[in-house]
Protein chains: 2
Amino acid sequence: MFRVNRQTDYAVRVVLALAKKPKGTRVSTSEIGREMLIPRAMLQRIVATLASGGFIETQAGRDGGIALAHDPNQITLLQITEHFEGTLILSDCILKEGDCPFEHKCPVSCQWKRLRDLLRDEMARVTFEQLVEEGKQIEAELLQHASSKSVPVPVVRNLPVADNVPL
Amino acid sequence: MFRVNRQTDYAVRVVLALAKKPKGTRVSTSEIGREMLIPRAMLQRIVATLASGGFIETQAGRDGGIALAHDPNQITLLQITEHFEGTLILSDCILKEGDCPFEHKCPVSCQWKRLRDLLRDEMARVTFEQLVEEGKQIEAELLQHASSKSVPVPVVRNLPVADNVPL
DNA sequence: GAAATCCTTACAATGTCAGTAAACATTGAC
DNA sequence: GTCAATGTTTACTGACATTGTAAGGATTTC
């Protein structure tokens, strides 16, 4: 297949939930679990992993909880993803030097590498500040169209959508 | 993780091997297996899958073998990949309508969708004709530098490499 | 009919992932 | 100091996908 683990999805949701709140707001894990519909035990590991990556600050004990360690505009989708998935790789053949019997002679590995760099670059541009903003826009659109009959479709602004894929 | 199956990698190699040869050349599976270092039993399945996708034409019997069904410039990396992996998906949350409890309210799914479209678009631009050309360029560079001391590093021409990824 | 080839199916070994559970450590309120 | 609420860590299980092996069947040429 070709997709991020569910754990990573969950982690993104957690960071987004924190990014939505005023800076420094501390929230208990269980509260986030309720809000974001994440199984408790999974969430425990995710929180620990986020903390080990320095993305959140944790506070044990009564009234404890977690809070973002940085501004949402300093945290990118790439950072969270790679912290949970490891460095992005589209094909094993560029994983290790010498792992592929064709080494540098292979044009395919060059392309996989180029595509990976492209994807990484793009993911590095997506900050959680941006995601929060887009979330607000989407909610505004939903409210605006609430009484209309048409189904509201969210639009990501200022971002060209590539749909000119042949075949 | 985040990578294509080995089977897909193998399949790409098979198509590339065929694309390198003069149009219509028929090659036996076992020969490709030797050339591309693919386990025999795996290769059988891969060839069958390629045939079912209409990418190759097969001929049973003595002097049989496989040949490309189309020009290399009509076959893209995306086609082969999606035929073996299914439609590209970066995150499950955009897999099915109604599968994600947040539906369209979620800015994250919008981004995953945008990134996926970007990647698909880029992969659709990579044809096997291009891969063959790049392979020739790489070999030429290798020959040119064969007597020099520097380790030859292949360069993909006219393709910007995104390495300005922060952090 | 025999040999070479592609096609299909079943199966086992391995690894990954999602989720559960339980014990532990830390903190603040009383 | 004790207790309760919270985060931390580890072990385990079941489900599933992936890789690879093996065997038999179908097709074509000689």
Side-chain angles (χ1 to χ4, degrees), chain A residues 1-14 17-18 25-34 36-69 81 84-86 89 91-93 95 99, chain B residues 1-11 13-14 18 25-34 36-69 81 84-86 89 91-93 95 99-101:
Chain A
M1 306 293 163
F2 216 67
R3 49 193 73 161
V4 296
N5 294 332
R6 189 168 307 183
Q7 215 183 174
T8 307
D9 254 353
Y10 285 157
V12 171
R13 288 193 214 168
V14 170
L18 291 174
T25 306
R26 187 185 295 160
V27 187
S28 79
T29 299
S30 53
E31 187 176 333
I32 291 193
R34 275 195 304 276
M36 288 295 174
L37 305 177
I38 302 174
R40 182 172 161 274
M42 288 245 70
L43 189 50
Q44 290 175 332
R45 246 181 321 192
I46 290 165
V47 165
T49 308
L50 281 173
S52 81
F55 296 107
I56 59 177
E57 275 158 3
T58 64
Q59 177 81 24
R62 182 170 172 150
D63 297 335
I66 61 179
L68 275 196
T81 303
F84 278 82
E85 305 270 341
I89 292 282
S91 164
D92 273 335
C93 76
L95 183 55
D99 206 36
Chain B
M1 306 293 162
F2 217 68
R3 50 191 74 160
V4 297
N5 294 331
R6 188 169 308 183
Q7 214 184 175
T8 308
D9 254 352
Y10 285 156
R13 287 194 215 168
V14 171
L18 290 175
T25 305
R26 186 186 296 161
V27 188
S28 79
T29 299
S30 53
E31 187 176 333
I32 291 193
R34 275 194 305 277
M36 289 294 174
L37 307 176
I38 302 173
R40 182 173 162 276
M42 289 245 71
L43 189 51
Q44 289 177 333
R45 245 180 322 190
I46 290 164
V47 164
T49 308
L50 282 173
S52 82
F55 296 108
I56 60 177
E57 274 159 3
T58 64
Q59 177 81 24
R62 182 171 174 151
D63 297 336
I66 61 179
L68 276 195
T81 303
F84 279 82
E85 306 271 340
I89 292 282
S91 164
D92 273 334
C93 74
L95 182 55
D99 207 35
C100 171

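Every chain is numbered from 1 and lettered A, B, ... according to where its sequence line falls, protein lines coming before strand lines.
Here C:dT8 presents its P atom at 15 Å from CE of B:Met42, a figure rounded to the nearest Å. Rounded to whole Å, the distance from CZ on A:Arg3 to C1' on D:dA17 is 12 Å. Counting to the nearest Å, the C1' atom of C:dT5 and the CD1 atom of B:Ile66 are 11 Å from each other. Put simply, CZ on B:Arg26 is 12 Å from P on C:dT5, counting in whole angstrom units. Atom C1' of nucleotide C:dT20 and atom CD1 of A:Ile38 are separated by 16 Å, given to the nearest angstrom. To the nearest angstrom, P of D:dT6 lies 19 Å from CD of A:Glu57. Regarding B:Arg40, its CZ atom lies at a distance of 13 Å from the C1' atom of C:dT8, rounded to whole Å.
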task: Just do the side chain to side chain contact (heavy atoms under 4.5 Å, CB included) check on B:Met36 and B:Val14 with the steps written out, would you?
output: CA-CA 7 Å; B:Met36 289 294 174; B:Val14 171; 5.6 Å; no
What's touching nucleotides 14-16 of chain D from the protein side, N or O pairs under 3.5 Å?
none

Shorter than 3.5 Å, N or O on both sides, protein versus nucleotides 27-30 of chain D: list them out with atom names.
{"residue": "D:dT27", "atom": "O2", "partner": "B:Gly61", "partner atom": "N", "Å": "3.4"}
{"residue": "D:dT28", "atom": "O2", "partner": "B:Arg62", "partner atom": "N", "Å": "3.4"}

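Contact annotation: A:Thr29 reaches the phosphate of D:dG7 (side-chain N/O to OP1 or OP2, under 4.0 Å). Contact annotation: A:Tyr10 side-chain N/O to C:dC17 OP1/OP2 distance is not under 4.0 Å. Distances shorter than 4.0 Å separate none of the side-chain N or O atoms of A:Ser28 from OP1 or OP2 on D:dA5.
Here C:dC7 is the nucleotide among D:dA22, C:dG19, C:dC7 with the atom lying nearest to any side-chain atom of B:Thr58.
Shown here for B:Ala67 and B:Leu18, the closest heavy-atom pair between the two residues is C-CD1, 4.3 Å. Contact between A:Thr8 and A:Glu85 at its shortest, heavy atoms only, is OG1-OE2, 2.5 Å. Taking every heavy atom of both residues into account, B:Ala11 and B:Leu50 meet most closely at O-CD1, 4.3 Å. Smallest separation of non-hydrogen atoms from B:Ile38 and B:Arg13: CG1-NH1, 4.5 Å.
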Could you give the side-chain donor-acceptor pairs of residues 52-64 of chain A under 3.5 Å, partners two or more places apart or in another chain?
{"residue": "A:Ser52", "atom": "OG", "partner": "A:Thr49", "partner atom": "O", "Å": "2.9"}

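Considering only heavy atoms from C-beta on, B:Phe84 comes within 4.5 Å of B:Ile46 through its side chain.
The CG atom of A:Leu37 sits 12.5 Å away from the CD1 atom of A:Ile32 when rounded to the nearest 0.5 Å. Here CD1 of A:Ile66 is found 7.0 Å from CG of A:Leu43. Values are rounded to the nearest 0.5 Å.
Residues satisfying the side-chain contact (heavy atoms from CB on, under 4.5 Å) criterion with B:Arg40, sequence neighbours excluded, are B:Gln44. Under the side-chain contact (heavy atoms from CB on, under 4.5 Å) criterion, B:Arg45 pairs with B:Gln7, B:Met42, sequence neighbours left out.
Using a 4.0 Å cut-off on heavy atoms, the residues of residues 43-55 of chain A that approach DNA chain C are A:Gln44, A:Arg45, listed by number.
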